[in-house]
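Worksheet: one structure, shown below.
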Amino acid sequence: MSSTQGKPIQCTAAVAYAPGKPLSVEQIIVDPPKAHEVRIKITNTAICHTDAYTLSGSDPEGAFPCILGHEGAGIVESVGPDVDTVKVGDHVIALYTAECAKCKFCKSGKTNLCGSVRATQGKGVMPDGTTRFHNLKGEPLLHFMGCSTFSEYTVVADVSVVAIDPTAPLDKVCLLGCGVTTGYGAAIKTANVQKGDTVAVFGAGTVGLSVVQGAKAREASRIIVVDINDDKKKWSFDFGATDFVNPLKDLEEGETIVSKLVEMTDGGLDFTFDCTGNVKVMRDALEACHKGWGQSIIIGVAAAGQEISTRPFQLVTGRVWKGSAFGGVKGRSEMGGLIKDYQQGKLKVDEFVTHVRPFNEINQGFEDLHHGDCLRTVLNF
Ligand SMILES: NC(=O)C1=CN([C@@H]2O[C@H](COP(=O)(O)OP(=O)(O)OC[C@H]3O[C@@H](n4cnc5c(N)ncnc54)[C@H](OP(=O)(O)O)[C@@H]3O)[C@@H](O)[C@H]2O)C=CC1
Ligand SMILES: N[C@@H](CCC(=O)N[C@@H](CSC=O)C(=O)NCC(=O)O)C(=O)O
Ligand SMILES: [Zn+2]
Ligand SMILES: [Zn+2]
């Protein structure tokens, strides 16, 4: 039993008090876990583009003040009553896509989305409707995506955490909490890319490059990365791309990115993936699909008020628009397999860690995201 069990803990966290404002690195109080809750000592967290999106104020679910962060790993400090899936000392990854194994979604066998805690998660509270965080003035602080990994200690629902092999390095596998799993899973689960398929990936960030490595693992014949930043070219080839197209530089007069891709692949792609969150790119990605069967997978998160559009004829003629959350991966039952793939050298993770910073440099970590030389910044507590 830990000496802190059952007691509030004072620790460092980064509080998002208002959209568009830097995070405030300060001391907060983290209450003990209630029934079916787990308190985790976070050792490492990375910053995902989605954290920046919510902090910017573009997220319709964004509620402040809150503690952001959802790509984190750590060690269980204590558990509340009725928790039997993890125990004190377990090494864990927080899951923004819960898996309860009991709800209609989990039992359907058709989706990795779980209905057990999603409604309260979207409101920034624990399943009982309250928060476990407050600042030193006693003001409550909201949770985020059921994870809130930008705090040295966090409390999550027991369905939102998975124990992992303790030999896996937490400062690397924290990336399996979102970006790497999302892209890799989108290729191998949502799209289920097969040997010989042609694939185009729009946006060569951590998510897009993870799609690339999933497509490569499935032996896709052509993996074309489309990105507006030439600095992403080398990484694209390193992760398995066969071609790189920069639509700002590589198009002839009269050519569009759609016509270029259709021409490169004799009629269009078997699979395309949007990993940008830009709705115009989503349209291009759909329209670059092969007539009759091409599927376009939307992964990117678009700002509030944005909508996708295309001519319905694109769908009438057999192209399919799909979405993917957390790569279609069921976190509690499938994370162990991804960790094994990583440990056996089949899944690249370390290569995404381009920047490492102490936790108190978190605001500089958000700045890193805007630079072409950054895939992921990992923060150490
Ligand atoms: N559905 C899900 O489960 C998840 C969704 N996401 C979402 O996925 C998206 C990608 O995340 P992440 O990889 O972390 O983000 P990044 O910002 O690292 O990657 C996005 C990439 O797209 C490039 N890009 C921007 N605009 C265009 C364009 N018009 N055409 C081609 N490329 C473009 C960016 O270039 P530049 O660097 O020059 O801006 C960057 O290289 C985000 O929208 C994120 O919110 C993330 C995780 C899970
Ligand atoms: N809150 C946003 C929705 C954001 C979103 O689509 N999130 C992705 C994960 S992004 C991770 O970095 C997701 O999994 N969505 C499924 C879900 O249940 O949230 C909004 O309201 O637009
Ligand atoms: Zn994310
Ligand atoms: Zn469920």
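One is the number of the first residue; the rest follow in order along the sequence. Both ligands and their constituent atoms are indexed starting at 1 by order of listing.
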*Rounded to 10°, how many degrees is the angle SG/Cys100-the Zn ion (ligand 4)-SG/Cys106?*
110°
*SG (Cys103) to the Zn ion (ligand 4) to SG (Cys114): angle, nearest 10 degrees?*
120°
Nearest to [atom], what protein heavy atom do you find, and at what distance?
atom: atom 6 (O) of ligand 2; value: Val301 CG2, 3.7 Å
atom: atom 2 (C) of ligand 2; value: Asp59 OD1, 3.2 Å
atom: atom 9 (C) of ligand 2; value: Tyr96 CE1, 3.6 Å
atom: atom 15 (N) of ligand 2; value: Ala325 CB, 4.1 Å

*Is Thr97 close to ligand 2, meaning an N/O of one under 3.5 Å from an N/O of the other?*
no
*asked:* Is there a polar contact between ligand 2 and His70, counting only N or O atoms under 3.5 Å apart?
replied: yes
Quick one: does [X]'s side chain have a donor or acceptor within less than 3.5 Å of a partner on [Y]'s backbone?
X: Thr154; Y: Ser151; value: no
X: Gln194; Y: Asn192; value: yes
X: Arg39; Y: Val30; value: yes
X: Thr12; Y: Glu26; value: no

Taking [X] first and then [Y], would you say they form a salt bridge - that is, a charged N and a carboxylate O separated by under 4.0 Å?
X: Lys260; Y: Asp250; result: no
X: Arg357; Y: Asp368; result: yes
X: Asp128; Y: Lys34; result: yes

As a check for students: among [options], identify the option with a heavy atom nearest to [atom].
atom: atom 21 (O) of ligand 2; options: Gly277, Gly327, Gly323, Pro60; result: Pro60
atom: atom 17 (C) of ligand 2; options: Glu71, His49, Gln121, Arg118; result: Arg118
atom: atom 10 (S) of ligand 2; options: Val207, Thr50, Asn112, Leu113; result: Thr50

Proximal ligand 2 atoms for [X], defined as those under 4.0 Å from one of its heavy atoms:
X: Met145; result: 11 (C)
X: Cys178; result: 11 (C), 12 (O)
X: Cys48; result: 12 (O)
X: Glu61; result: 1 (N), 2 (C), 21 (O)

*asked:* Tell me which one of Asp270, Thr265, Thr242 satisfies side chain to side chain donor-acceptor pair (under 3.5 Å) with Thr198.
replied: Asp270
*Please report the C-alpha distance between Phe144 and Phe133 in whole Å, then the side-chain angles of each, then the deciding distance to 0.1 Å, and finally whether the ring pair (Phe, Tyr, Trp, His ring centres under 6.0 Å) criterion is met.*
CA-CA 11 Å; Phe144 175 65; Phe133 300 123; over 10 Å; no
*Measuring to the Zn ion (ligand 3), does His70 have an N/O/S atom at a distance below 2.8 Å?*
yes
*Under 4.0 Å, heavy atoms only, figure out whether ligand 2 is touched by the backbone of Tyr53, its side chain, both or neither.*
side chain
*Looking at the rings of Tyr184 and Phe239, which for Trp means the six-membered one, are their centres under 6.0 Å apart?*
no
*asked:* Assess, by modelled atom type and distance only, whether the side chains of Tyr342 and Asp165 contain a donor and an acceptor separated by less than 3.5 Å.
replied: no
